[in-house]
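Below you'll find the structure, written out as structure tokens, and then a few comments.
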Amino acid sequence: MMHWTKMKKDELERQYSPSWWSHRMSADDVIKAHVKALKEGTEQARGLAQTLLNVPYGEGDGEKLDVYIPSTNSLDVPLVIYLHGGYWQFLSKEESGFMAVPLVDKGVVVVAVDYDTAPKGSMDLMVSQVRRSVVSVVQQYSHISGLYLCGHSAGAHLAAMVLSTDWSQYSITPQIKGAFLVSGIYDLLPILSTYINEPLKMTEEVGVRNSPSKLVPQLKLSSSSCQIIVAVAENDSPEFRKQSEEYYKTLEASGLNVTMEDVANTDHFNIIEQLVDGEYDLTKVHTFTKQKGSCHFLVSVFCLTNNYTILT
Ligand SMILES: N[C@@H](CC(=O)c1ccccc1NC=O)C(=O)O
């Protein structure tokens, strides 16, 4: 495949337009269906779980998160923080609670984080916000049995930036047990010259310091015991697939605990949408989770994608 530096602008923009690559619908329709599925899933989750909505994690207006709480007597309560996608300019926590639908009755707390999307927020601000949201959650829920991170698309980028944080600047060092990075972008340089960067206005310097692919040594220092899953859709664009493959290879070469999952029959959108889908075999998930005893979240998520990888 041609290296991105050799691509003309229109080809680069096509490669970085996920909706163009769906086999299911037209570009416009797949985005409309995506927003609808996430909204409906979030509404369903709000009906199923107890919720704490709009909990501040910082001083800024946009620095709020939603907590989806299971009713459980168990002391073993894992918590997963979900960072939404949407190219750092679309979507919000109002479409980001859907993952609680299958997880809440397994005793998992789900937290959906808002951050200031562009043009209001810059890349540096969004990265700082998600880092601070994780610190705030850990301070608030110090009794949890494990902290997991999940992000989709731009949210997978932000999750990878959280894993690559030098926590010495913060009041605590969160111990993240697992991270599920779905169809992410880990090198921002290819998008600098595309329409995606119009509201973001990233310079090359900003792109470099916010590229997880360039921060693997820091990730190794901060998150060496984190179990990382890099997942990508079969029908993501070749450039998106390459982003995941290369990030996975770099993590693996550094000796990190990482798995690559190429999820068959999915595109950039339904790879994450289907985590709400009741059709998947939740009974099996439950048995699996009990047998394995730990890492509920990652096991559940993987069974939901019909991909029975034993992770613990
Ligand atoms: N121009 C992008 C738009 C996009 O990625 C997107 C738009 C709305 C909501 C979510 C999106 N992407 C990933 O979550 C595309 O072609 O797919």
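In this text, all values refer to a predicted model and were calculated from it rather than measured experimentally. Because only heavy atoms are used, hydrogens play no part in the values below, and waters and symmetry mates are left out as well, while side chains stay in. Ligands are counted one by one from 1 in listed order, and the atoms in each one are counted from 1 as well. Starting from 1, each residue takes its place in the sequence as its number.
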Does ligand 1 have a heavy atom under 4.0 Å from the side chain of F269, from its backbone, from both, or from neither?
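The part of F269 near ligand 1 is the side chain, not the backbone.
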
Co-membership, hydrophobic cluster, residues I271 and V35, 4.5 Å side-chain:
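Yes; V35 is reachable from I271 via cluster members.
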
For [atom], what is the nearest protein heavy atom, given as residue, atom name and distance?
atom: atom 16 (O) of ligand 1; value: S19 OG, 2.7 Å
atom: atom 4 (C) of ligand 1; value: Y87 CD1, 4.1 Å
atom: atom 6 (C) of ligand 1; value: F90 CD1, 3.9 Å
atom: atom 14 (O) of ligand 1; value: G86 N, 3.2 Å

Identify whether the distance between the nearest side-chain nitrogen and carboxylate oxygen of [X] and [Y] falls below 4.0 Å.
X: E94; Y: K39; answer: no
X: R14; Y: E11; answer: yes
X: R209; Y: E205; answer: yes

Please could you name the atoms of ligand 1 that Y195 approaches to less than 4.0 Å, counting only its heavy atoms?
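Taking each heavy atom of Y195 in turn, ligand 1 has 1 (N), 2 (C), 16 (O) under 4.0 Å.
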
Of all the atoms in ligand 1, which lie at a distance below 4.0 Å from a heavy atom belonging to I31?
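Listed by number with element, the hits are 3 (C), 7 (C), 8 (C), 15 (C), 17 (O).
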
At a 4.0 Å cut-off, with the gap strictly under it, does some heavy atom of H84 reach an atom of ligand 1?
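No, H84 has no heavy atoms under 4.0 Å from ligand 1.
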
Would a line drawn from the ring center of H152 to the ring center of H268 be shorter than 6.0 Å?
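Between H268 and H152, which both carry aromatic rings, the centre distance is below 6.0 Å.
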
Reported CZ-to-OH distance for the pair F240 and Y186, which is rounded to 0.5 angstrom:
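The distance works out to 9.5 Å.
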
